[in-house]
Amino acid sequence: AGEAERRAVEAAERDAFARGLAAGREEAADETARRLADATERLANGIVLALDDVDRRTAAIEEDALGFFDALARKLAGRAIATEPLAAVQEAAAEAFRHLRGVPHLAVRVNEGLVDDVEARLRAMARERGFEGRVIVLGEADLLPGDARLDWADGCVSGDRARLEAAADAVLARAPSRPTHPVTPPDEPFA
């Protein structure tokens, strides 16, 4: 009976050892899986934070760029009108001449300092475009150089800085973000 007991004890020990080993391996695998899940979650959270930071930085860059180009466009438009005020008046006149057929006269209101130049240019434009009516140019002290109002029997066209700025504002309002702080372009951006 001693030998049979000893074999039974050895068999029980081997069985217990195998169960313990299997349980230890299972516990180690569970611990490894838990640690891997924790590490994966920390990594995912880190990636989310990094992507949020990239999004914030990108939005800030876009906002600064939009503010810069808004200010630059306004400055360049102001300079263009100041240096070439007749260009804006001619553009408004070209638009008016598209609508003028059989109209007896066109009245043009501009800054009083531009009357002679505008009159000469618009009369030439009228001839080139086949306008047979009379061109009347009136000077007004309250109009800025580059601003103009063209009236005829059935309509009018205005060319003014406020309208151009309103159009620029409308385009910029459709942009994804607006600047929260003013950005001033350099005085000489292309120097």
Side-chain angles (χ1 to χ4, degrees), residues 9-96 98-99 109-111 114 142-150 155-191:
V9 169
E10 284 179 1
E13 284 177 351
R14 278 193 305 273
D15 189 39
F17 179 78
R19 281 194 313 269
L21 186 60
R25 285 182 179 161
E26 186 176 324
E27 189 176 313
D30 288 347
E31 179 64 18
T32 300
R34 185 189 62 72
R35 285 183 180 183
L36 183 59
D38 287 347
T40 302
E41 185 175 341
R42 283 192 309 275
L43 181 61
N45 289 339
I47 290 171
V48 167
L49 291 174
L51 290 175
D52 286 346
D53 186 53
V54 167
D55 288 345
R56 277 191 299 278
R57 289 174 189 236
T58 300
I61 290 168
E62 288 171 353
E63 185 176 303
D64 287 346
L66 186 59
F68 173 80
F69 287 113
D70 180 19
L72 180 62
R74 289 181 194 286
K75 192 168 197 166
L76 291 177
R79 280 189 184 171
I81 288 173
T83 58
E84 288 292 328
L86 295 182
V89 175
Q90 284 182 253
E91 182 181 329
E95 177 65 24
R98 288 188 200 124
H99 303 286
R109 288 172 177 74
V110 296
N111 178 275
L114 298 175
D142 61 335
L143 283 177
L144 295 172
D147 289 357
R149 180 170 171 86
L150 291 81
C156 72
V157 171
S158 262
D160 61 58
R161 191 176 304 196
R163 182 180 59 85
L164 294 174
E165 287 182 1
D169 286 342
V171 169
L172 291 169
R174 290 190 300 266
S177 66
R178 291 289 301 153
T180 56
H181 58 289
V183 177
T184 304
D187 285 334
E188 297 299 327
F190 302 110

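None of these values were measured; they are calculated from a predicted model.
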Measure across L143 and N111 and return the closest heavy-atom pair with its distance rounded to 0.1 Å.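 Residues L143 and N111, closest heavy atoms: O-ND2, 2.7 Å.
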
To the nearest 0.5 Å, what is the distance between [atom1] on [X] and [atom2] on [Y]?
X: D142; Y: R109; atom1: CG; atom2: CZ; value: 10.5 Å
X: E13; Y: D15; atom1: CD; atom2: CG; value: 11.0 Å
X: T40; Y: N45; atom1: OG1; atom2: CG; value: 11.0 Å

Is the number of heavy atoms from other residues, nucleotides or ligands within 6.0 Å of CD (E27) greater than 12?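 Not more than 12 within 6.0 Å, no.
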
How about CD on E31, more than 12 heavy atoms from neighbouring residues, nucleotides or ligands closer than 6.0 Å, or not?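 Correct, the count exceeds 12.
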
I'd like to know whether D30 forms a salt bridge (Lys or Arg N to Asp or Glu O under 4.0 Å) with R34, so could you lay out the CA-CA distance, the side-chain angles of the two residues, the decisive distance to 0.1 Å, and finally the verdict. CA-CA 6 Å; D30 288 347; R34 185 189 62 72; over 6 Å; no

Side-chain contact test, heavy atoms from C-beta onward, threshold under 4.5 Å: evaluate it for R56 versus D53 and give yes or no. yes

